[in-house]
Amino acid sequence: MFCAARRRASWHAAAPIVQSWRMRFATWNVNSVKARLPRLLGWLESAQPDVVCLQETKVAADAFPAEQVEALGYRVAAHGQGRWNGVALLSRVGLTQVRRGFPGEPGFPGPEARAIGATCGGVRFLSVYVPNGRTPDDPHYAYKLSWLAALRTALADDVPRGALVVAGDFNVAPTDDDVWDPAVFAGATHVTPPERDALTALRDLGLRDVVGRPLKGDRPFTYWDYRAGMFHQNKGMRIDLVLATPDVADAVDDAVVDREARKGSGPSDHAPIVVDASGLGTPSAGS
DNA sequence: ATGGCGTTCTCCGAACGA
C-alpha cells in the first residue's frame with residue numbers, strides 16, 4: 001500500500017512526506033463498465049486507488065472485463081445481472097469475504113444486482129447502487145425506500161464493529177444544497193423527505209458522510225446530466241456518497257470529487273469520489 | 001427537465017437513468 005502514495009493525480013500533488021500507512025479508495029458510477037473500459041483503465045493508472053467501488057456496471061458477473069483490470073494489479077469481484085444495475089469491487093490490497101447482496105435485500109420483484117461487499121486491506125467495503133425511484137408515485141419509489149430501510153437493518157450489526165465503508169450511488173441528494181436548483185427538483189425523486197430520512201437513518205447507525213472536496217465551484221456535485229451542457233454549467237447533484245464508520249472518517253486526510261473524469265469524450269455522467277486515509281487496516285492485508 | 005444525452009437490447013424504437 002505504500003505505493004499508493006507514490007503516484008498520485010495532479011490534484012493531489014502535495015503529498016505529505018510522513019510515511020504512514022495510507023489507503024486510497026474511491027467510488028464511481030461508471031454507467032456501463034464495457035462502454036467505459038478505456039476510461040476506467042486510464043483513470044486507475046492515473047488516480048492509483050487501492051480500492052474502488054463501482055456501480056452501474058451493466059454486465060453479468062461473468063462478462064465483467066476482469067482481465068484488463070487485473071492486469072493493473074487489481075482483484076475483481078463483480079455482481080451483475082446483464083443490462084441493468086450491476087456493482088463491483090476492485091482491490092489491490094486484498095479482496096476477501098466477498099458477499100453479493102445483503103440479508104433481507106428486497107427485489108423488484110426479483111433480486112437485482114445492487115450491492116457487493118468485501119474486505120480489502122482490513123476495511124470492509126460495500127458498493128451500493130440504490131434504486132432510482134423514478135417518480136414519487138411510482139412503485140419503484142416504494143422499492144427505493146424499502147431497499148434503503150433493509151440496508152439499514154442489514155448494517156445495524158456491522159457499523160458498531162467499525163472499519164466499514166458504504167459507498168456508491170445513493171440516488172438521494174442529502175440537502176437542498178446538494179442540487180443545483182432545488183426549485184427544479186420540487187416534488188421530484190432524490191430530494192423528498194422520506195428519501196432524506198432514510199439516509200439520515202443510515203447515518204444514525206454511526207456512519208459519517210465523507211464529503212468530497214469540489215475541484216471547481218463551491219459544491220461537491222458528483223452527477224451532471226449529459227444533456228444541455230449541464231456539466232459545463234456545473235448544474236449537478238451530489239447523489240454519490242461515501243459513508244464511513246468514525247474510525248475510518250477520522251483517518252481521512254482528503255476527499256475529492258474527481259471532476260476531471262467527467263470531462264472529455266465518452267465520460268460517465270458521474271464523477272468518482274476519491275478518499276485518502278492513513279493509519280487504516282493492516283499492512284499484511286496487502287496481498 | 002416539455003427536450004436536450006448515453007447505454008442497452010428486443011436493435012433503427014423503447015426502456016431506463018436522475
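Reminder, nothing fancy here: chain letters follow the sequence lines and each chain counts from 1. Side-chain atoms are counted along with the backbone in the values below, which use heavy atoms only and exclude waters and symmetry mates.
The cationic atom of R262(A) (NZ for Lys, CZ for Arg) lies less than 6.0 Å from the six-membered ring centre of F231(A) and within 45° of the ring axis.
Ranking dG6(B), dC5(B), dT8(B) by closeness to the R36(A) side chain, first place goes to dG6(B). Candidate nucleotides dA18(B), dT8(B), dG4(B) were compared by shortest atom distance to the side chain of R227(A), and dG4(B) ranks first. Comparing dT8(B), dA18(B), dG6(B) against the side chain of K34(A) picks out dT8(B) as the nearest. Of the candidate nucleotides dG17(B), dA18(B), dT8(B), dA18(B) has the atom nearest to the side chain of H190(A).
Using a 4.0 Å heavy-atom distance criterion, T189(A) is classed as making no nucleic acid contact. Using a 4.0 Å heavy-atom cutoff across all strands shown, N29(A) reaches sugar-phosphate atoms only and no base atom. Residue F170(A) is out of contact with every strand shown, counting any heavy-atom pair closer than 4.0 Å.
Rounded to whole Å, atom P of dT7(B) lies 17 Å from atom CG of N85(A). E56(A) has its CD atom 18 Å from the P atom of dA15(B), to the nearest Å. At whole-Å resolution of the value, CH2 in W224(A) and C1' in dG17(B) are 17 Å apart. In this structure, W84(A) atom CH2 and dA14(B) atom P are separated by 14 Å, rounded to whole Å. Nucleotide dG17(B) holds its P atom 11 Å from the CG atom of D169(A), rounded to whole Å. Counting to the nearest Å, the C1' atom of dG17(B) and the CZ atom of F185(A) are 13 Å from each other. Distance NE2 (H232(A)) to P (dG4(B)): 19 Å, rounded to an integer number of Å. Look at CG on N171(A): it is 8 Å from C1' on dG17(B), rounded to the nearest Å.
Aromatic ring pairs are classed by plane angle as parallel below 30°, tilted from 30° to 60° and perpendicular above 60°; the pair W43(A) and W28(A) is tilted.
Using C1' as the reference atom, dC5(B) and dA18(B) are 13 Å apart when rounded to the nearest Å. Nucleotides dG4(B) and dA14(B) are separated by 13 Å at their P atoms, to the nearest Å. Taking the P atom of each, dG6(B) and dC11(B) are spaced 23 Å apart, rounded to whole Å. Nucleotides dA15(B) and dG3(B) are separated by 15 Å at their P atoms, to the nearest Å. The gap from the P atom of dT7(B) to that of dT2(B) amounts to 24 Å, rounded to the nearest Å.
Between N31(A) and M237(A), the residue anchored nearer the 5' end of DNA chain B, judged by the nucleotide with its closest heavy atom, is N31(A). Between M230(A) and N132(A), it is M230(A) whose nearest contact on DNA chain B lies nearer the 5' terminus.
In this structure, the separation between CD on Q48(A) and CZ on R92(A) is 4.5 Å, given to the nearest 0.5 Å. Between the CG atom in L54(A) and the CG atom in N29(A) there is a gap of 9.0 Å [rounded to 0.5 Å].
Clustering of Ile, Leu, Val, Met, Phe, Trp and Tyr by side-chain heavy atoms under 4.5 Å joins L145(A) with Y141(A).
Counting distance only, with no hydrogens placed and no angle test, the side-chain atoms of R134(A) and the base atoms of dA18(B) include no donor-acceptor pair under 3.5 Å. Counting atom types as modelled, D225(A) pairs a side-chain N or O with a base atom of dA1(B) as donor and acceptor under 3.5 Å.
Every side chain to side chain contact (heavy atoms under 4.5 Å, CB included) that K144(A) has, sequence neighbours left out, goes to V130(A), P131(A), L148(A), N171(A), V172(A), T189(A), H190(A), E195(A).
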